[in-house]
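First up is the structure itself, then whatever we jot down about it.
If you're wondering where the values come from, they're calculated on a predicted model, not measured in any experiment.
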There are 2 protein chains.
Amino acid sequence: MGTMETRLFPAQRSDVCRDSVLLGPSEHAIPASLVDTAIAARLARVFQALSDPTRVRIISLLLEHELCVHTSTEALGMQQSAVSHQLRTMRDMRLVRARKDGRHVYYTLDDRHIGDLFRQGLAHSQHL
Amino acid sequence: MGTMETRLFPAQRSDVCRDSVLLGPSEHAIPASLVDTAIAARLARVFQALSDPTRVRIISLLLEHELCVHTSTEALGMQQSAVSHQLRTMRDMRLVRARKDGRHVYYTLDDRHIGDLFRQGLAHSQHL
DNA sequence: CCCATGTATGAATGTATGCTCATATGTTAC
DNA sequence: GTAACATATGAGCATACATTCATACATGGG
């Protein structure tokens with residue numbers, strides 16, 4: 001966690017535009033914190049996985065314990081097809097895992113980090 | 001952080017389908033953790049704000065200090081118009097704040113929580 | 001074996017969204 | 001004023017994606 005030490009709120013008037021006067025016109029100092037394109041894409045993908053209301057609600061459902069598709073469908077008040085499609089998406093995104101038992105399929109959150117992100121996002125969205 | 005105590009990985013076979021046997025056919029116990037539709041929508045919106053590679057890169061840029069549009073544009077290697085459009089979106093989403101100075105406009109992260117979310121998401125995306 | 005139940009999936013559709021191009025607005029310098 | 005620079009914005013386009021409908025697949029009960 002403490003890998004990236006960055007004070008967020010200096011709000012210094014230290015723009016690189018000023019630096020460019022010292023460095024020369026095209027010699028802009030690109031902030032070292034700029035993430036690589038590939039990294040950015042992966043990170044965006046993670047957030048995108050959580051960027052849909054239905055998926056958010058599914059995650060909240062699974063925070064407590066695993067649920068089968070049928071129950072989730074009823075809890076969400078949506079069509080079974082829609083839920084299955086989302087669960088498929090979420091499986092591809094490694095958000096959930098499926099366990100088959102007879103004709104039921106039970107879904108669980110794949111990773112506790114997902115729950116953590118969910119909760120932190122929730123905290124932020126409430127203090128907005 | 002410790003507001004919601006949920007063990008994520010009991011993987012108990014405690015689905016409500018089983019409970020429904022006890023409760024009656026349509027008497028499914030909906031997990032209390034299921035968030036309200038409005039809450040879910042807001043939360044999804046927060047994550048959606050971070051769900052685009054360009055926005056992610058912009059956030060990473062602004063982690064260190066404020067930057068003007070021009071510098072950001074060069075750092076990102078994108079068209080000025082594209083960056084301005086994104087910054088506009090991000091302003092609407094309360095991700096960034098603008099400060100005007102002469103012909104420059106400097107952007108900062110609006111809230112330190114954004115940086116926190118960013119870092120936590122980054123951590124998750126890397127351990128995937 | 002047949003039927004009900006639980007789940008998955010493909011096609012179609014509507015909508016959201018990110019980018020580009022062109023252009024408008026605002027500011028500084030000459 | 002006029003030119004150069006910095007930023008914003010609207011229209012158009014292409015793509016991504018969430019849902020619905022119809023249907024297929026799988027399993028268990030009678």
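Rounded to a whole Å, the CZ atom of Phe47(A) is 17 Å from the P atom of dC17(D). Separating the CE atom of Met90(B) from the C1' atom of dA8(D) is a distance of 16 Å, rounded to the nearest angstrom. With rounding to whole Å, Asp101(B) atom CG is found 19 Å from dC5(D) atom P. Gln86(B) places its CD atom 11 Å from the P atom of dT17(C), with the value rounded to the nearest Å. dT7(D) atom C1' lies 14 Å from atom CD of Gln79(B), rounded to whole Å. Counting to the nearest Å, the P atom of dG6(C) and the CE atom of Met78(A) are 18 Å from each other. At whole-Å resolution of the value, CZ in Arg88(B) and C1' in dT25(C) are 14 Å apart. Summarising the geometry, the separation between CG on Asp92(B) and C1' on dA16(C) is reported as 15 Å, rounded to the nearest angstrom.
When only modelled atom types and interatomic distance are considered, Arg91(A) and Tyr107(A) share a side-chain donor-acceptor pair under 3.5 Å. Residues His127(B) and Asp111(A) bring a donor and an acceptor atom of their side chains to less than 3.5 Å of each other.
Listed candidates were dT20(D), dT9(C), dC19(C). Nearest to the side chain of Ser84(A) is dT9(C). Listed nucleotides dG26(C), dA8(D), dT17(C) differ in distance to Gln48(B); the shortest reach to its side chain belongs to dT17(C). Ranking dT20(D), dT7(C), dT27(D) by closeness to the Lys100(A) side chain, first place goes to dT27(D). Relative to the side chain of Cys68(B), the nucleotides dT27(C), dT7(D), dC19(C) differ in distance, and dT7(D) lies closest. For His70(A), the listed nucleotide lying nearest its side chain is dG6(C); candidates were dG6(C), dC17(D), dC19(C).
Near-neighbour residues of DNA chain C inside residues 50-61 of chain B, defined by a heavy atom below 4.0 Å, number-ordered: Asp52(B), Thr54(B), Arg55(B).
Side-chain N/O atoms of Ser81(A) and base N/O atoms of dT9(C) include a donor-acceptor pair closer than 3.5 Å.
When side chains are defined from C-beta on, Arg57(B) does not count as touching Asp36(A), because their heavy atoms never get closer than 4.5 Å. Side-chain contact between Leu67(B) and Pro31(A): present, with at least one pair of heavy atoms (C-beta onward) separated by less than 4.5 Å. Using a 4.5 Å heavy-atom threshold, the side chains of Leu43(B) and His124(A) count as separate. Residues Thr108(A) and Leu62(A) form no side-chain contact, since every pair of their non-hydrogen atoms from C-beta on lies 4.5 Å or further apart.
Evaluation of the side chain to side chain contact (heavy atoms under 4.5 Å, CB included) rule for Ser51(A) yields Gln48(A), Arg55(A), Phe47(B), Gln48(B), Ser51(B) as partners, not counting sequence neighbours.
For Arg103(A), no side-chain nitrogen or oxygen approaches OP1 or OP2 of dG29(D) to under 4.0 Å. Using a 4.0 Å cut-off, some side-chain N or O of Arg91(B) falls inside it from OP1 or OP2 of dA8(D). Regarding contacts with the backbone of dT7(D), every side-chain N or O of Arg99(B) stays at 4.0 angstrom or more from both OP1 and OP2. Close to dA8(D), at under 4.0 Å from its OP1 or OP2, lies a side-chain N or O of Tyr107(B).
Each of Ala82(A) and Leu87(B) was matched to the nucleotide of DNA chain D holding its nearest heavy atom; the match closer to the 5' end belongs to Leu87(B).
Salt-bridge formation is detected for the pair Asp110(A)/Arg97(A): a Lys NZ or Arg NE/NH1/NH2 atom is positioned less than 4.0 Å from an Asp or Glu carboxylate oxygen.
Base engagement by Gln80(A) is indicated by at least one non-hydrogen atom pair under 4.0 Å involving a base atom.
Both geometric conditions, a ring-centre gap below 5.5 Å and a plane tilt below 30°, are not fulfilled together for His85(A) over the base of dT19(D).
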